[in-house]
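Take a look at the structure below.
The figures here come from the full heavy-atom set of this structure, side chains too, leaving out hydrogens, waters and symmetry mates.
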Amino acid sequence: MTQVAKDAAKFLKSTLRLPSATFPPRAPPADIAKYLPRCTDDLYAWQRQHRPVEDTFTLHDGPPYANGDLHVGHALNKILKDILCRTALAQGKRVDYVPGWDCHGLPIELKALEHHGWQRGQNEDPVAVRKAARNFASNTVRKQMKGFKSWGIMADWENHWKTMDKNFEIRQLEIFQAMAEHDLIYRRHKPVFWSPSSGTALAEAELEYKDDHISTAAYVKFPLTGLSHAVGPVYALIWTTTPWTLPANQAIAVHSGLEYVLVQSAFHGNLVIARSRLVAVEEVMGEKLRIVRDIHPTELLQCVYDGPSEFKPFSSDRPLIHADFVSAESGTGLVHCAPGHGMEDYLALSRHIADGRVTVRAPVDNTGRFDASASPDDPGLLNGLEVFKDGNQAVLQLLQGANLLVNSAKYKHKYPIDWRTKEPVMIRATAQWFADVSSIRDDTLKALDLVRFVPQTGKSRLRSFVENRSEWCISRQRSWGVPIPAIYHRDSGEAVLTPKSVRHIIDVIQQRGIDAWWSDSADEPAWIVPGLNPSEFQRGTDTMDVWFDSGTSWTAMSTAAPQEKPLADVYLEGSDQHRGWFQSSLLTHVAFQKSTGKSAVLPPFQSLLTHGFTLDAQGKKMSKSLGNVVGPDQIVAGLEPTARVQQVQSSKKHRERHSLGPDALRLWVAGTDFTKDVVISETVVKTTHTTLDKYRVTMKVLLGMLQDFDPATAVAYEKLSKLDQMALLQLSVVTKGVQSACSEHEFHRAVLAISRWVAVDLSGFYLEGIKDIIYCDSPKHERRLSASTTLYHIFRGMQDMLAPILPLLVEESFEHSPAAFKTLEHPLRRVQQAPPSQWHDTDLQQLLPTVMSVNSAVKAAQEAARAEKLLGQSLASDVTLFIAPELGGTSIHSLPRETWQEILVVSDVKIVSDDNFGAHAMEKGRDASHTWIKSSDIVAADGTKIGVAVVTNPARGKCARCWRYMAATPQNEELPLCKRCDEVVQEFQH
């Protein structure tokens, strides 16, 4: 090539309009810090001023616990909430989302003790503990809030609430007061779940269950009297998995519907057991038992029995009673009852407890050790022994010594544990405060029928918890919390809790602060309701269950206007909250409405959404002890799990990864089916980053192609080219799908639809077809204006679809948009509309599958040619389509030749109607001007062959500017131009 030609080629290149955008491959940290407040705090404030109050979407925050660092579970929850809010914002609604934190409770108290090097139970000062806990919770809230903000969460952070805020505590106490006034709060000495490791009572919602707990099960015989026609001593044989509860035994339960027998053992004498358990008992005892006679259950109910003298007081007239829980499928058919250590036992013996025949004994202290009353005649036998360990063994040894232990063995079974400490809990009778759930159960279940559940299985789960709960133990034995507002008589211990006394205590708290309940002297008279002698009463030390704390958070949403619908549009938390916050919110809200006399009660939430847990690649729940925890920052950075990171980073072959910012974390959340457990692994992180990279590249390409476009010059739809109209049809389809998926809270479907559209319809089809037009046509040319108009719609459509999911990416795309775009409404503030109906052209919709089939066939033929090095770029080929007229020829002919050239990215296209699919022409091998290279069948979606695509050598010369083989009369021998490029160059020169 001569120098003149080289200079001419350089000039021709300068006339091309190659895409150029300032949009970076990834946003620098400084830019992210700039974009975050714009798309969070600024956006939230803007919509509060400009969106109608009467069309408000309220999402009430299930408060995270303020006791540690953020993890991927937090990210899943908070980002899902943000996507919900941004979806509502895109629908034109005003968003009300005020974050909150759960700040009371034992875990924070223990963290505070640990921080100061204090030991629980060692004369801790409640005032100092509360101060330390408050400081710890406050610092954690600040730290977590910073983390949440870094994920692009749009919320009213300035007005966030905490359960330890004074106004929150006052509202909580007022709900308690209203419930107490209507007899929904009471105190009773009865068995509750007790955690020795935490030193407090627990609610059922605070339990987990360990499937492989090991206990020592024992068969124990008790001397029985009153059974007629028996020769020699007779014993009632019981089976228990908790021998340590035997010092509290008060009765033996049988079932009036079972058959019982008196059997004789060579080693243990006469025993009474259920007939259905005979074979099982023989296997345990290792001997054949001889049946002496049948015993009717009514005969047993007339008997009494005695027990070991070491466990006195234990009179010889303990009763045998009927109980429905006695089973023919386990044990011996006779069940040891200790109402101080069994809820079913307590209920079965309630009549005998009331008439004083039996007592509710629980000779175990707060730490799970026997107290002196376990063996009152000889306290040294059991006193101080830990019941789950040496205490249990000591009881078995005492039974062995009294010749009452028939058999003992290890037994694996399901057992409740404290969900915080993971240590076993027990059932232990103590004086506790309860909320009556049974009296509001029917109203609560009716309220649930008004709720929309996602997934639907959540309804049956929550209903089952409500149906099977009669009361709620709301008192806890700890310092860090809201006090139960009760005072107690110093001598009798009788509690005083009346509407008047509670109101008085609330008023004092408002004046003196809640910490004064602990810091004031024990004889401070200000707390005692007027009319009582202050010297005779003292304040209690129990605090409220943290679920009662957070469960009353709906009070922050209350309005003065009559409540005609649920306070919140959505509650969204993990599935474990069916037994926790969902339930406590529902119960307190219904109870309060009933206490105010409302006949038809409402739930606090209109929709209840639940997400699963985060699991590792093997489906295991993440935990620090297993070393399988993946932190949110690792997803942002795109790193492997920690152990793997250290290994790979030490390798010289390690390829450094780039951070894509919080959008990577957000895209991972949006791309998951949150209604199930969510897996996070290295593969998932890689896929997420690849998808986000694709979105960014696409945004960059669109902005580059639109650099010189002014929306004021947009072309009307009917004047757009057929290819552009196809692109808008594809945009319409994906937009409707994404809007529908987001409305149904199926964000993973939205992400899948967007990703497919970007990869297949946009990048793989449309952008390939219009590159030549954007690069080479004059900006004033109708075809280029048509393509630019379409790209503009696509750019806005992509912004709209990604706005709820990736607000930082959308904010960044706005920052780098042409100046003319910035005079229009900000994409994060736009109210998204359904695509114009004209975009959904039914004729094009029917034609599009055929177009895609043709495109696939041409690409296959070109790839085959490239494999044999017969073809380079796609433009270096012409295409002939041999189509059977009755199978698609008519529809294919409906598109202009130029449109086919664009779609197939070839220099020329010829369509031939041929029933033989061009067989005769291909047999000749060539026609007058073409050389056949490769062919491929055109196959419809249903598998029918509708034609053959044949790739040929181009018939004309290559244009030196656009590289299409459409050059006509060359300007010179070295740089021929096509007609279009010749006109553009002349325009450029002038």
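Atom CG of L89 sits about 8.0 Å away from atom CG of L828, to the nearest 0.5 Å. To the nearest 0.5 Å, atoms CD1 (I32) and CD (E812) are separated by 7.5 Å. The CZ atom of R829 lies 13.5 Å from the CG atom of L824; values are rounded to the nearest 0.5 Å.
Ion pairing between a basic and an acidic side chain is recognised when a charged N comes within 4.0 Å of a carboxylate O; K81 and E573 show such pairing. Checked for salt-bridge contact, E109 and R130 miss the test: no charged N lies under 4.0 Å from a carboxylate O. Electrostatic pairing of E54 and R94 does not count as a salt bridge here, judged by no charged N lying under 4.0 Å from a carboxylate O. At a threshold of 4.0 Å, the pair K78-D61 counts as salt-bridged, since one of the basic side-chain nitrogens sits closer than that to a carboxylate oxygen.
Counting only distance, with no hydrogens or angles, the side chain of W480 and the backbone of C103 share a donor-acceptor pair below 3.5 Å. For R666 (side chain) and L80 (main-chain N/O), no donor-acceptor pair under 3.5 Å exists by modelled atom type. No donor-acceptor pair closer than 3.5 Å links the side chain of Q144 to the backbone N or O of V141. For D31 (side chain) and A27 (main-chain N/O), no donor-acceptor pair under 3.5 Å exists by modelled atom type. In terms of modelled atom types and a separation under 3.5 Å, the side chain of R756 and the main chain of V751 share no donor-acceptor contact. Distance alone, capped at 3.5 Å, is enough to place a donor-acceptor pair between the Q593 side chain and the L602 backbone. Here the side chain of R749 pairs no donor or acceptor atom with the backbone of V738 at under 3.5 angstrom. With hydrogens and angles disregarded, no donor-acceptor distance shorter than 3.5 Å links the side chain of D165 to the backbone of N167. When atom types are taken as modelled, the side chain of Q47 and the backbone of V95 share a donor-acceptor pair closer than 3.5 angstrom. Side-chain N or O atoms of H182 include none that pairs as donor or acceptor with a backbone N or O of M179 at under 3.5 Å.
When side chains are defined from C-beta on, Q577 does not count as touching Y571, because their heavy atoms never get closer than 4.5 Å. A heavy-atom distance below 4.5 Å is found between the side chains of W757 and I794. Taking the side chain as every heavy atom from C-beta outward, T40 and I153 never approach each other to under 4.5 Å. The shortest distance between side-chain heavy atoms of L615 and I680 does not fall below 4.5 Å. Between Q172 and M544, some side-chain heavy-atom pair lies under the 4.5 Å cut-off.
Sorted by first and then second residue, the salt bridge (charged side-chain N to carboxylate O under 4.0 Å, His left out) pairs with a member in residues 438-449 read D443-K594, D449-K459, D449-R463; sequence neighbours excluded.
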Verdict with reasoning, W161 to W554, per ring pair (Phe, Tyr, Trp, His ring centres under 6.0 Å): CA-CA 11 Å; W161 53 270; W554 53 263; over 10 Å; no
Salt bridge (charged side-chain N to carboxylate O under 4.0 Å, His left out) evaluation trace for K143 with D69: CA-CA 8 Å; K143 186 176 180 181; D69 295 333; 2.7 Å; yes
Ring pair (Phe, Tyr, Trp, His ring centres under 6.0 Å) between H578 and F465, worked out: CA-CA 8 Å; H578 287 114; F465 282 119; 7.3 Å; no
Trace of the side-chain contact (heavy atoms from CB on, under 4.5 Å) decision for N77 with H611: CA-CA 8 Å; N77 179 266; H611 61 75; 3.1 Å; yes
Test log, rule side-chain contact (heavy atoms from CB on, under 4.5 Å), inputs V482 and H104: CA-CA 8 Å; V482 176; H104 289 136; 3.5 Å; yes
CA sep, side-chain torsions, deciding dist, call: E181, S595, side chain to side chain donor-acceptor pair (under 3.5 Å): CA-CA 8 Å; E181 188 172 353; S595 69; over 6 Å; no
Check against side chain to side chain donor-acceptor pair (under 3.5 Å), T690 and D693: CA-CA 5 Å; T690 299; D693 269 330; 5.8 Å; no
Chi angles and distances behind the side-chain contact (heavy atoms from CB on, under 4.5 Å) call for Y695, S755: CA-CA 8 Å; Y695 291 172; S755 297; 2.7 Å; yes
Derivation of the side-chain contact (heavy atoms from CB on, under 4.5 Å) call for S553 and W581: CA-CA 10 Å; S553 62; W581 186 62; 3.6 Å; yes
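With sequence neighbours left out, R86 forms a side-chain hydrogen bond (donor to acceptor under 3.5 Å, both in side chains) with D82. Residues satisfying the side-chain contact (heavy atoms from CB on, under 4.5 Å) test with K694, not counting sequence neighbours, are T698, V758, S763. Residues that satisfy the salt bridge (charged side-chain N to carboxylate O under 4.0 Å, His left out) test with R830, not counting sequence neighbours, are D800. Listed by chain and number, the residues in a side-chain contact (heavy atoms from CB on, under 4.5 Å) with T596 are F592, K598 (sequence neighbours excluded). Residues passing the side-chain hydrogen bond (donor to acceptor under 3.5 Å, both in side chains) test with H793: none are found, sequence neighbours excluded.
Applying the 6.0 Å contact sphere to NZ of K34 captures more than 12 heavy atoms from other residues, nucleotides or ligands. A 6.0 Å sphere centred on NZ of K822 holds more than 12 heavy atoms belonging to other residues, nucleotides or ligands. Within 6.0 Å of NZ in K620 there are 12 or fewer heavy atoms belonging to other residues, nucleotides or ligands. In the displayed structure, E158 atom CD is contacted under 6.0 Å by at most 12 heavy atoms of other residues, nucleotides or ligands.
Cation-pi contact between K93 and F57: absent, since separation from the ring centre below 6.0 Å together with deviation from the ring axis within 45° is not met.
F148 and W157 have parallel rings, their planes meeting at less than 30° on a 0 to 90° scale where 60° marks the start of perpendicular. Taking the six-membered ring where tryptophan is involved, the planes of F605 and F582 are perpendicular, since the angle between them exceeds 60° and thus also 30°. Taking the six-membered ring where the residue is Trp, W472 and F548 present tilted rings, their angle falling between 30° and 60°.
Remark: of the listed residues W46, F814, F821, F814 is the sole one forming a ring-ring contact (aromatic ring centres under 6.0 Å, His included) with H826.
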